[in-house]
Amino acid sequence: MKIATFNINGIKARIEALPRWLEAAKPDVVCLQEIKSVDEAFPREVLEDLGYRVETHGQKSFNGVAILSRLPLEDVTRGLPGDDTDEQARWIEATVIGEKAVRVCGLYLPNGNPAPGPKYDYKLAWMARMETRVRALLAEEMPVIFLGDYNVIPQAMDAAKPQAWVEDALYLPQSRAAFRRILNLGLTEVIRARNPAPGLYTFWDYQAGAWERNNGIRIDHLLASPQAADLVQDCGIDKDTRAGDKPSDHVPVWMTLDA
DNA sequence: ATGGTCGCAAGGCGA
């Protein structure tokens with residue numbers, strides 16, 4: 001089972017680049033972030049024609065997540081528990097039925113800038129809610145993965161220019177500590193666990209020639225429960241998509257599971 | 001220090 005995360009930065013703008021990548025990479029399951037579309041306007045047919053079922057959790061103009069799957073899905077749920085007043089579409093879950101069942105949580109963690117301020121408070125509160133949800137799922141002792149745009153640079157080695165981020169919500173000590181608290185519940189950060197070297201990035205800003213200068217950051221992550229980590233076969237970052245026509249500013253991150 | 005680029009959607013916000 002090949003599972004990927006891809007912040008597409010607008011489904012309407014990526015309606016050619018996304019199928020191009022799907023046909024080349026052939027993932028079984030994809031968690032999308034920043035679809036920037038209400039569910040009714042999501043162009044599902046072009047993806048269904050490629051063999052994917054499409055489950056969206058969108059809103060107008062901003063945020064929005066989705067799961068594409070060539071395998072059967074069960075128990076699709078939308079929204080991160082813990083705050084009934086939260087109207088931002090950033091969380092979707094489904095159980096993928098492969099040879100084994102895997103619970104998949106697709107997430108778009110708040111950016112949090114500017115910090116300090118209400119947006120940063122929302123980010124930290126959201127991460128606390130995520131921690132609660134992770135605890136609940138870990139207690140079920142089944143394979144669970146949490147993949148998406150975390151908007152967290154975990155370590156200095158995850159940025160080409162870490163000094164440029166020291167006052168940014170993606171790299172502030174509180175953000176990194178909250179990410180570590182989630183990891184320390186017992187999750188494996190799959191890309192880093194298998195790649196000890198720096199220089200791996202998943203996002204390059206559209207501005208200031210960031211891609212041409214390889215001024216990137218690694219903020220899209222794959223986290224696996226112990227039972228899911230046991231199944232990991234391979235993982236990677238599809239950096240080449242950033243050089244394609246009309247690219248997203250993020251690239252896909254994927255893993256294969258014996259499931 | 002500033003401006004630099006996109007997407008959505010139709011002006012400015014978010015990233």
Side-chain angles (χ1 to χ4, degrees), chain A residues 5-21 30-44 46-47 56-66 80 86-91 106-127 130 147-154 158-172 174-176 178-179 201-221 238-253:
Chain A
T5 177
F6 191 3
N7 180 324
I8 53 172
N9 189 21
I11 184 60
K12 298 172 185 72
R14 227 58 65 203
I15 201 58
E16 293 182 9
L18 176 60
R20 195 185 314 137
W21 170 73
V30 186
C31 294
L32 300 176
Q33 300 89 39
E34 286 203 88
I35 64 173
K36 296 186 176 181
S37 171
V38 294
D39 297 334
E40 307 77 59
F42 190 91
R44 57 174 51 244
V46 61
L47 303 173
T56 60
H57 179 42
Q59 66 180 90
K60 182 178 166 65
S61 301
F62 304 117
N63 307 319
V65 290
L80 178 63
D86 187 357
E87 295 182 349
Q88 299 190 31
R90 297 179 174 275
W91 185 274
L107 65 109
Y108 176 48
L109 204 148
N111 176 295
N113 281 303
K119 291 188 176 181
Y120 194 57
D121 295 341
Y122 175 72
K123 176 176 194 155
L124 294 178
W126 199 97
M127 294 181 83
M130 178 173 170
L147 60 168
D149 178 357
Y150 280 73
N151 270 315
V152 173
I153 303 167
D158 298 310
K161 297 182 178 181
Q163 281 306 313
W165 298 92
V166 293
E167 295 184 38
D168 193 284
L170 278 61
Y171 191 60
L172 283 173
Q174 287 182 86
S175 307
R176 298 161 60 200
F179 181 75
Y201 310 126
T202 65
F203 169 90
W204 295 260
D205 201 294
Y206 288 124
Q207 302 182 63
W211 168 247
E212 289 75 12
R213 300 164 193 261
N214 195 28
N215 181 16
I217 53 176
R218 194 173 69 91
I219 55 174
D220 300 271
H221 305 302
D238 286 349
K239 184 175 180 178
D240 289 351
T241 64
R242 187 64 178 80
D245 290 336
K246 280 210 73 171
S248 172
D249 42 6
H250 296 250
V251 298
V253 184

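Convention: sequence-line order gives letters A, B, ...; per-chain numbering from 1.
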Inset, instruction - Using whole Å, report how far CG of A/Leu18 lies from P of B/dG7. - result: 14 Å

Inset, instruction - Quickly work out the A/Lys60 NZ to B/dG7 P distance and round it to whole Å. - result: 17 Å

Inset, instruction - Among A/Phe203, A/Tyr201, A/Trp204, A/Trp21, find the residue that satisfies the side-chain contact (heavy atoms from CB on, under 4.5 Å) test when tested with A/Val251. - result: A/Trp204

Inset, instruction - Write down the distance between CG (A/Asp249) and P (B/dG7), rounded to a whole number of angstrom. - result: 9 Å

Inset, instruction - Using heavy atoms and a sub-4.0 Å distance, could you list which residues of residues 206-214 of chain A are near DNA chain B? By number, please. - result: A/Tyr206, A/Gln207

Legend entry - A/Lys12, NZ atom: more than 12 neighbouring heavy atoms under 6.0 Å: yes

Inset, instruction - Tell me what A/Ile8 touches on the nucleic acid: a base, only sugar-phosphate, or nothing, going by heavy atoms under 4.0 Å. - result: nothing

Legend entry - Spacing of A/His250 atom NE2 relative to B/dT5 atom C1', expressed in whole Å: 14 Å

Inset, instruction - Please work out whether the ring planes of A/Phe179 and A/His221 are parallel, tilted or perpendicular, with thresholds of 30° and 60°. - result: tilted

Inset, instruction - To the nearest Å, give me how far apart CG (A/Asn215) and P (B/dT5) are. - result: 15 Å

Inset, instruction - Provide, to the nearest angstrom, the distance between the NZ atom belonging to A/Lys246 and the C1' atom belonging to B/dG7. - result: 8 Å

Legend entry - Value in whole Å for how far the P atom of B/dC8 lies from CD1 of A/Ile35: 11 Å

Inset, instruction - Between B/dG11 and B/dC6, how far apart are the C1' atoms? Round to whole Å, please. - result: 16 Å

Legend entry - Whole-angstrom distance between B/dG14 and B/dA9, as gauged at atom P: 15 Å

Inset, instruction - Determine the interatomic distance between C1' on B/dG7 and the same-named atom on B/dT2; round to the nearest Å. - result: 23 Å

Inset, instruction - Round to the nearest Å and state the distance from A/Asn63 atom CG to B/dG7 atom P. - result: 17 Å

Legend entry - C1' spacing across the pair B/dA1 / B/dG12, given as an integer number of angstrom: 23 Å

